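Below: one structure, written as structure tokens.
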Amino acid sequence: MTAENYQKIWQTVLLIPAGKVASYGQVADLAGLPGRARLVGKALGYAPTELAVPWYRVLRSDRSLGFAPGSATALEQRQLLLAEGVVLKHNRVSKATLWQPDLAELLFKLQY
DNA sequence: ACCATGACGCTAC
DNA sequence: AGTAGCGCCATGG
């Protein structure tokens, strides 16, 4: 069951389009796990590399990167986002880069 | 079983 | 812009 939750989370994150970002809480909600943002972070940490989950497109609800500024992971995330054309202002992404999925289409793709 | 620890988030100061 | 408290709960010691 927790394994299934991880699957739901990975699937949801895979739907985030390049150049867009979503928050941990948003992913949790869309994955059918409201209020469980922490689980999203855990799931991303455990994500199998073969799934190629775009973990770097997930950040905090205040639109700042999900890691301590200066940490190797934060630098990597910044680089990957910039490579997709995401605009970063002082360690924050602009509101325009937030992912706003069409719910009907999302439900269709997630196949619940 | 108990306790501490997080890739979090929201409300209230 | 910051801090504090609380809710959340899987994982590991």
Side-chain angles (χ1 to χ4, degrees):
Chain A
M1 55 187 181
T2 61
E4 293 179 11
N5 287 336
Y6 287 163
Q7 289 291 331
K8 291 180 184 175
I9 292 170
W10 295 332
Q11 273 188 67
T12 304
V13 175
L14 282 168
L15 295 181
I16 304 174
K20 291 290 181 179
V21 302
S23 72
Y24 293 96
Q26 184 183 1
V27 171
D29 288 345
L30 296 175
L33 301 166
R36 302 181 60 181
R38 303 191 80 125
L39 190 60
V40 174
K42 223 175 269 286
L44 291 178
Y46 293 151
T49 54
E50 55 266 33
L51 281 186
V53 178
W55 58 270
Y56 55 89
R57 293 188 193 136
V58 183
L59 30 77
R60 302 185 183 231
S61 63
D62 63 359
R63 310 203 310 276
S64 63
L65 302 193
F67 301 87
S71 67
T73 328
L75 293 176
E76 185 184 355
Q77 180 171 34
R78 179 178 63 72
Q79 180 180 308
L80 289 168
L81 289 175
L82 289 175
E84 293 189 341
V86 173
V87 179
L88 281 172
K89 297 177 183 176
H90 302 63
N91 225 41
R92 293 282 204 89
V93 303
S94 66
K95 282 170 274 192
T97 66
L98 294 177
W99 182 39
Q100 290 163 22
D102 176 78
L103 295 184
E105 185 185 331
L106 191 67
L107 289 176
F108 174 72
K109 290 185 176 177
L110 287 176
Q111 307 271 318
Y112 280 11

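By convention in this document, chain letters (A, B, ...) are assigned in the order of the sequence lines, proteins followed by strands, and residues within each chain are numbered from 1. As the structure is a prediction and not an experimental result, all values here were calculated from the model.
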Taking 5' to 3' order, which nucleotide of DNA chain C is first and which is last to have an atom within less than 4.0 Å of a heavy atom in chain A? dG7(C) to dT11(C)
Counting only non-hydrogen atoms, which of residues 64-73 of chain A are less than 4.0 Å from DNA chain B? G66(A), F67(A)
NZ/NE/NH1/NH2 to OD/OE distance under 4.0 Å, K20(A) and E84(A): no
Pairing residues for E105(A) by the salt bridge (Lys or Arg N to Asp or Glu O under 4.0 Å) criterion, not counting sequence neighbours: K109(A)
Interatomic distance where CZ belongs to R38(A) and P belongs to dC8(B) [whole Å]: 7 Å
Contacts under 3.5 Å, N or O only, protein and nucleotides 11-13 of chain B:
none

Take the protein atom CG of L75(A) and the nucleotide atom C1' of dA7(B), then report the distance between them rounded to whole Å. 15 Å
Can you tell me how far C1' of dT5(B) sits from CG of L39(A), to the nearest Å? 15 Å
From CA spacing to verdict: side chain to side chain contact (heavy atoms under 4.5 Å, CB included), L15(A), L30(A): CA-CA 11 Å; L15(A) 295 181; L30(A) 296 175; over 6 Å; no
What residues in residues 40-60 of chain A put a non-hydrogen atom under 4.0 Å from any atom of DNA chain C? K42(A), Y46(A)
N or O in side chain of S61(A) less than 4.0 angstrom from dC10(B) OP1/OP2: yes
Might you work through the side chain to side chain contact (heavy atoms under 4.5 Å, CB included) test for R36(A) and N5(A), ending with a clear yes or no? CA-CA 10 Å; R36(A) 302 181 60 181; N5(A) 287 336; 4.1 Å; yes
Between dA7(B) and dC6(C) - P atom distance, rounded Å: 22 Å
Partner set under salt bridge (Lys or Arg N to Asp or Glu O under 4.0 Å) for E76(A), not counting sequence neighbours: none
CG-CG distance between L33(A) and L39(A), expressed to the nearest 0.5 angstrom: 6.0 Å
Spacing of R63(A) atom CZ relative to dC10(B) atom C1', expressed in whole Å: 16 Å
